[in-house]
Amino acid sequence: MSNFEALSHLSTTQSSSDFLSTSTIIALTVFFSLLCACIIIGHLLEENRWANESITALLLGLCAGAVVLLVSKGNSSRILVFSEDLFFLYLLPPIIFNAGFQVKKKQFFKNFTIILMFGIFGTVISFCLISLGALLLFKRIGVTSLSTQDYLAIGAILSATDSVCTLQVLNQDETPFLYSVVFGEGVVNDATSIVLFNSVQSIDFSNIDATISLKLLGTFLYLFFSSTILGIVAGLLSAFIIKTLYFGRHSTDREVALMMIMAYLSYMLAELLSLSGILTVFFCGIVMSHYTWHNVTESSRITTKHAFATISFIAETFIFLYVGMDALDIDKWKASSASAGTSVAVSSTLLALVLVGRAAFVYPLANFINCIKNRDSSKIEFRQQFIMWWAGLMRGAVTIALSYNQFSNSEDTDTEDTALMITSTIIVVLFSTVAFGSITKPLIEAVLLRHSKPNISDATDIPSLDDLRILFLENDEPSELGENRPAAPRRSSLRLLMTHPTWTVHYLWRKFDDRFMRPVFGGRGFVPFVPGSPTGAADETSGI
């Protein structure tokens, strides 16, 4: 009987070990080894202005893919298959959330109008130009089997800038204005591109009428505002729960876990409701950093700040490794029987359309903004416009994921042309990331930092609340120049909104936030009482 039990236990152990695929274990071992190598190489190249973690990971992924290709004798380089689910559900959410959590909110909302103009109108302009250019030029190259839906999808795919790479090539301490505008535009741009892509997929091209553009606009506005509101609600709900229940008095692990899970839950709810998860989790991160983060204990603040940054860093590196290794998937290149000249022509055409499409909205919109601004110090200089154009040329994993979605399962298009579009998209992503990404830092130093002025608009910040209060003198306030001098008349809020829109909105928001929001949701100044913690000890000694 004991021998039978031993054999039964042995068979159970073998079946459980067989459940784990050997190929999966090997793939994950290789990827984690490459992640360690990327971290070490990134540390050694920290002072190198030509390199960053994204380029390092991409090149290392290409080298690893080439080694696997040689080991398999040219059969395959696919250790892990590129999965849209893996990218959109597991890798992208922590990156976007941490960006919203760490972003400088004053700079971001100060430039919110510019961000929306570039992220929405700019993306639509780029989408139209790229789609039209591909429609006119591809037939001359010899690509003739693509449908109208494919051309529109190409415009949406290549309009998506790489906000992940932007985080690494721009520094929000050195160039706060450029960082907030280019990265903020990238987040809104990704959401807009995905909305356009999904809209193109759902359009019935057999019954196109004049109202199709209005339907697209209505769909986008609904998705944009619904996604933003969902993210704000999720962030406020987490702040209210943690402030009310005081998780930290029993376990700081619970409040840290709750912040992480509710942030991810906001993204999943957005996807479940067919909204933009990118916008939702981004604004959830902003709200959590403004309210929820101040409601947790001091140890939890340190833990969450570093945990979010670490998870985001690992996900970023993993994405570029993933893209680099998948780029050498020999099956995709074999499926495309196009000649080298045709492949180069298509890739060059797509890259040229990306350059022209971005220039077509950056310079006109920037100059339009300059025309409506009164102060010269707040206008966008031509040097800044050039960097904004250049830093947004990089294309990344969102572009590849959308390209796979459109062309890997396409049945109406010739297989050779669909494979050609996938490989050409990969070439554009690799070239733009390596070439444009490596030159961005030196370009910023040469164009901006060496010619920086002491009081450029990059460094301007919203003044303090005391300075803003001067704009809102009340009738019953005594004059500071003497009792006999009549009090200054109260200024109209509408007039102040027209003359100082940013300052006025900030002042009104601060008053509303202090009076209504913080008493309910906590935030800066809220000190949770936790016995035994440094905060709790300070409260006990002060008699609170």
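These figures come from a predicted structure and were not determined experimentally. Every heavy atom of this structure was used, including side-chain atoms; hydrogens, water molecules and symmetry mates were not.
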(message) So does Y363 get a backbone contact from the side chain of N367, meaning a donor-acceptor N/O pair under 3.5 Å?
(response) yes
(request) Measure from the side-chain N and O atoms of R395 to the backbone N and O of V429, and report whether any donor-acceptor pair falls under 3.5 Å. (result) no
(message) What's the separation between atom NZ in K441 and atom CG in L443, rounded to the nearest 0.5 Å?
(response) 13.5 Å
(request) Sort out for me which residue in V281, L279, L269 forms a side-chain contact (heavy atoms from CB on, under 4.5 Å) with L230. (result) L269
(message) So if I apply the side chain to side chain donor-acceptor pair (under 3.5 Å) rule between T123 and each of D190, T192, N189, which one comes out positive?
(response) N189
(message) Restricting to non-hydrogen atoms, name the atom on Q102 and the atom on A309 that form the minimum distance, rounded to 0.1 Å.
(response) NE2-CB, 4.4 Å
(message) On a heavy-atom basis, which atom in A160 and which in T399 lie closest, and how many Å separate them?
(response) O-OG1, 3.3 Å
(message) Checking the side chain of S238 only, and the main-chain atoms of G235 only, is there a donor and an acceptor separated by less than 3.5 Å?
(response) yes
(message) Looking only at side-chain N and O atoms, does T280 offer a donor or acceptor that is under 3.5 Å from a partner on S266?
(response) no
(message) What's the separation between atom CG in L393 and atom CZ in R358, rounded to the nearest 0.5 Å?
(response) 6.5 Å
(message) Donor-acceptor check, side chain of Q384 to backbone of L178, threshold 3.5 angstrom: yes or no?
(response) no
(request) List the steps and the verdict of side chain to side chain contact (heavy atoms under 4.5 Å, CB included) for F197 and N405. (result) CA-CA 10 Å; F197 181 81; N405 186 299; 3.6 Å; yes
(message) Would you compute the distance between atom CE of M259 and atom CD1 of I261 and round it to the nearest 0.5 angstrom?
(response) 12.0 Å
(message) With heavy-atom distances below 4.5 Å as the criterion, would you say the side chains of F127 and L152 are in contact?
(response) yes
(request) Step by step, work out the ring pair (Phe, Tyr, Trp, His ring centres under 6.0 Å) result for F31 and F318. (result) CA-CA 8 Å; F31 261 86; F318 194 94; 5.1 Å; yes
(message) Given 3.5 Å as the limit, does a donor-acceptor pair link the side chain of T29 with the main chain of I25, or not?
(response) yes
(request) Give a yes or no on whether the backbone of G122 and the side-chain of S126 come within a donor-acceptor separation of less than 3.5 Å. (result) no
(message) Using ring centroids (six-membered ring only for Trp), state whether F97 and F308 fall under 6.0 Å.
(response) yes
(message) For I426 versus Y404, what's the shortest heavy-atom pair and its separation?
(response) CD1-OH, 4.4 Å
(request) For the residue pair F386 and W389, categorise the inter-ring angle as parallel (less than 30°), tilted (30 to 60°) or perpendicular (more than 60°). (result) tilted
(request) Using modelled atom types only, decide if a donor and an acceptor are shared between the side chain of S438 and the backbone of A435 within a distance under 3.5 Å. (result) yes
(message) Under 6.0 Å between ring centres: does that hold for Y267 and F282?
(response) no
(message) Could you check whether any side-chain N or O of D326 sits under 3.5 Å from a backbone N or O of Y322, counting only pairs where one atom can act as donor and the other as acceptor?
(response) no
(message) Given 3.5 Å as the limit, does a donor-acceptor pair link the side chain of S300 with the main chain of V256, or not?
(response) no
(message) Test your reading of the model: is there a side-chain donor-acceptor pair from S347 to the backbone of V344, 3.5 Å cut-off?
(response) no
(message) Let me confirm one number: the CD1-CG distance from I311 to L91, rounded to the nearest 0.5 Å.
(response) 12.0 Å
(message) Would you call the rings of W293 and F101 parallel, tilted or perpendicular, taking 30° and 60° as the class edges?
(response) perpendicular
(message) Rounded at 0.5 Å granularity, tell me how far OH in Y151 sits from CD1 in I130.
(response) 14.5 Å
(request) Test L321 against C38 for side chain to side chain contact (heavy atoms under 4.5 Å, CB included), laying out the working first. (result) CA-CA 9 Å; L321 272 174; C38 285; 4.0 Å; yes
(request) Measure the OG-NZ distance between S289 and K305 for me, rounded to the nearest 0.5 Å. (result) 11.0 Å
(request) Please report the closest heavy-atom contact between A134 and I154, naming both atoms and the distance. (result) CB-CG2, 4.4 Å
